[in-house]
Amino acid sequence: MTKIRSVVLGCGSYLPEQVVTNAQLAARIDTSDEWIVQRTGIRERHIAAEGEFTSHLALKAAQAALTDAGVDAQSIELIVLATSTPDNTFPATAVAVQHGLGINHGAAFDLQAVCSGFVFALATADNFLRTGAYKRALVIGAETFSRILDWNDRGTCVLFGDGAGAVVLEAQEQPGNAATDRGVVTTHLRSDGRHKAKLFVDGGPSSTQTVGHLRMEGREVFKHAVGMITDVIVDAFNATGLNADSIDWFVPHQANKRIIDASAHKLHIAPEKVVLTVDRHGNTSAASIPLALAVARKDGRIKKGDLVLLEAMGGGFTWGSALVRW
């Protein structure tokens, strides 16, 4: 029996021009390149310029994805933008991207699941496409986390960066075999609000009428991360009959190299299959997976027919996985 799958037509990304190295941070706060690299694997990150907003990054990533896909913006019927750093409280940053692309039909909205945002957005768009509600969608992850950091808190300000990535999805009929079908094969999403205090922003329109700053209990987040990540990946394998040996590429959320290495080891995924960009990008939250996808696609690693495993965990806690055959 055939199935409608959400097939990736193209991907694109955008990083702000300004690069901030660990050495530059060490000149401003009590830290060092060695300390940051040893604990996180991060060596540098990109920071948005003054007047450069999340929508600007998202629009450039969307345009790059459309070019890569070889499709016209007017064919896009749905835009789902994952972000925790919108331009405004409202309207959604997605509608600014929609306007920037010259689209005035279909639907555009933001989705907020912090670092899991891209996986949640991918799953959301996939469900719309599979039901036949829309034919073609843009899924974007875009962040300017530099705007919500406490630059005096060395435990958090060294971790994050700004950037955006996007993919174009199209509903296509496939044979219905999870082992060979192209497109989004399965997605699995979870959340647990008991862990809010471990990773949150201490502001908001309703509570403080301010934007606030990111606060994190790093050790607690690390303690939960590997177990939660591997659980949803096992769910993906159980749902499809696939396993770690089936995976061509593992593209995790780029938060911390130690978490990525531990997750891959626990799942028996070979190190050479892991796509790592955290050293160059830092943690770009919802943007990190599509940024990494764009890097691995551009350098020729990810090819048509490859099975790609995505996973992420973020504040909330939220976490999720997706299996996508390119």
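Throughout, residue positions are numbered sequentially from 1 according to the sequence presented.
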>> To the closest 0.5 Å, what do you measure between CG (L291) and OG1 (T284)?
In response: 4.5 Å

>> For a side-chain contact (heavy atoms from CB on, under 4.5 Å) check, start with the C-alpha distance between L9 and Q172, then their side-chain angles and the critical distance, and finish with the verdict.
In response: CA-CA 11 Å; L9 299 184; Q172 293 184 8; 3.7 Å; yes

> W326, V251: one ILVMFWY side-chain cluster at the under-4.5 Å cut-off?
Replying inline: yes

> Applying the 4.5 Å side-chain criterion to the ILVMFWY set and letting contacts propagate, would L323 and M313 be lumped into a single cluster?
Replying inline: yes

> Hey, are H188 and T186 close enough side-chain-wise for a donor-acceptor pair under 3.5 Å?
Replying inline: yes

>> Between D150 and N152 (side chain of the first, backbone of the second, donor and acceptor by atom type, cut-off under 3.5 Å), is there such a pair?
In response: yes

> With a distance cut-off below 6.0 Å to the six-membered ring centre and an angular limit of 45° from the axis, does R154 pair with W35 as a cation-pi contact?
Replying inline: yes

> Can W249 and L309 be said to form a side-chain contact (heavy atoms from CB on, under 4.5 Å), step by step?
Replying inline: CA-CA 6 Å; W249 299 105; L309 171 62; over 6 Å; no

> Do I229 and P252 have side chains that get closer than 4.5 Å, going by heavy atoms?
Replying inline: no

> Honestly, is R28 close enough over W151, meaning NZ or CZ under 6.0 Å from the six-membered ring centre and within 45° of the axis?
Replying inline: yes

> Can you name the closest pair of heavy atoms from A292 and T277 and give their distance?
Replying inline: CB-OG1, 3.7 Å

>> For a quick check under 3.5 Å, do T144 and S146 share a side-chain donor-acceptor pair by atom type?
In response: no

>> So, taking the atom named CG in L276 and the one named NE2 in H281, what distance separates them when rounded to the nearest 0.5 Å?
In response: 11.5 Å

> In Å, rounded to the nearest 0.5 Å, how long is the span from NE2 of H224 to CZ of F317?
Replying inline: 6.0 Å

>> Do N283 and H253 have side chains that approach each other closer than 4.5 Å (heavy atoms only, starting at C-beta)?
In response: yes

>> When you measure from the side chain of D87 to the backbone of F53, do you find a donor-acceptor pair of N or O atoms at a distance under 3.5 Å?
In response: no

>> With side-chain contact (heavy atoms from CB on, under 4.5 Å) as the criterion, how do L307 and L242 come out once you've worked through the C-alpha distance, each side chain's angles and the decisive distance to 0.1 Å?
In response: CA-CA 10 Å; L307 186 63; L242 300 169; 3.7 Å; yes

> Are R136 and E77 close enough, and set up right, to give a salt bridge (Lys or Arg N to Asp or Glu O under 4.0 Å), and what steps lead you there?
Replying inline: CA-CA 6 Å; R136 194 173 281 171; E77 300 170 320; over 6 Å; no

> Taking N127 for the side chain and A123 for the main chain, is one N or O donor matched with an acceptor at less than 3.5 Å?
Replying inline: yes

> Checking salt bridge (Lys or Arg N to Asp or Glu O under 4.0 Å) for the pair R301/D248: CA distance, chi angles, key distance, verdict?
Replying inline: CA-CA 9 Å; R301 277 180 287 178; D248 293 297; over 6 Å; no

> Between the side chains of S75 and D72, is a donor N or O closer than 3.5 angstrom to an acceptor N or O?
Replying inline: no

>> Before you tell me yes or no, could you show the steps for N256 and I260 under side-chain contact (heavy atoms from CB on, under 4.5 Å), namely the whole-Å CA-CA distance, both residues' side-chain angles and the distance that decides it to 0.1 Å?
In response: CA-CA 6 Å; N256 182 306; I260 293 169; over 6 Å; no

>> Is it the case that atom CD in E272 sees more than 12 heavy atoms from other parts of the structure closer than 6.0 Å?
In response: yes

>> Please evaluate residues R5 and D181 with respect to the criterion salt bridge (Lys or Arg N to Asp or Glu O under 4.0 Å), reporting the C-alpha separation (whole Å), side-chain torsions for both, the decisive distance (0.1 Å), and the verdict.
In response: CA-CA 8 Å; R5 303 276 193 194; D181 282 1; 3.0 Å; yes

> If you take all heavy atoms of I4 and L129, which pair is closest and at what distance?
Replying inline: CG2-O, 3.9 Å

> Do you know which two heavy atoms are closest between A82 and A286, and how far apart they sit?
Replying inline: O-CB, 3.6 Å

>> Return the CD1 to OG distance between I233 and S321, rounded to the nearest 0.5 Å.
In response: 6.0 Å

> Got V139 and T124 here, is their nearest side-chain heavy-atom distance under 4.5 Å?
Replying inline: no

> Hey, is the main chain of V275 close enough, under 3.5 Å, to the side chain of Q254 for a donor-acceptor pair?
Replying inline: yes

> Do other residues, nucleotides or ligands put more than 12 heavy atoms under 6.0 Å from K198 NZ?
Replying inline: yes

>> Do I269 and V119 sit in one hydrophobic cluster, given that two such residues count as connected whenever their side-chain heavy atoms are within less than 4.5 Å of each other, even indirectly?
In response: no

>> How long is the straight-line distance from CG of L169 back to OH of Y134, given to the nearest 0.5 Å?
In response: 14.5 Å

>> What I'd like to find out is whether the side chain of P16 reaches to under 4.5 Å of the side chain of E52, using heavy atoms alone.
In response: yes

> Taking the side chain from H213 and the backbone from G203, do they hold a donor-acceptor pair closer than 3.5 Å?
Replying inline: no

>> Can you tell me how far apart CG (L66) and CD1 (I76) are? Round to the nearest 0.5 Å.
In response: 5.0 Å

>> Against the six-membered ring of F222, is R258 placed for a cation-pi contact (under 6.0 Å from the centre, within 45° of the normal)?
In response: yes

> Do D162 and E143 come within less than 4.5 Å of each other through their side chains, counting heavy atoms only?
Replying inline: no

> Which atom names give the shortest non-hydrogen contact between A142 and L81, and what distance separates them?
Replying inline: CB-CD2, 4.5 Å

> Does any N or O in the side chain of N22 come within less than 3.5 Å of the main-chain N or O of I42, such that one atom is a donor and the other an acceptor?
Replying inline: yes

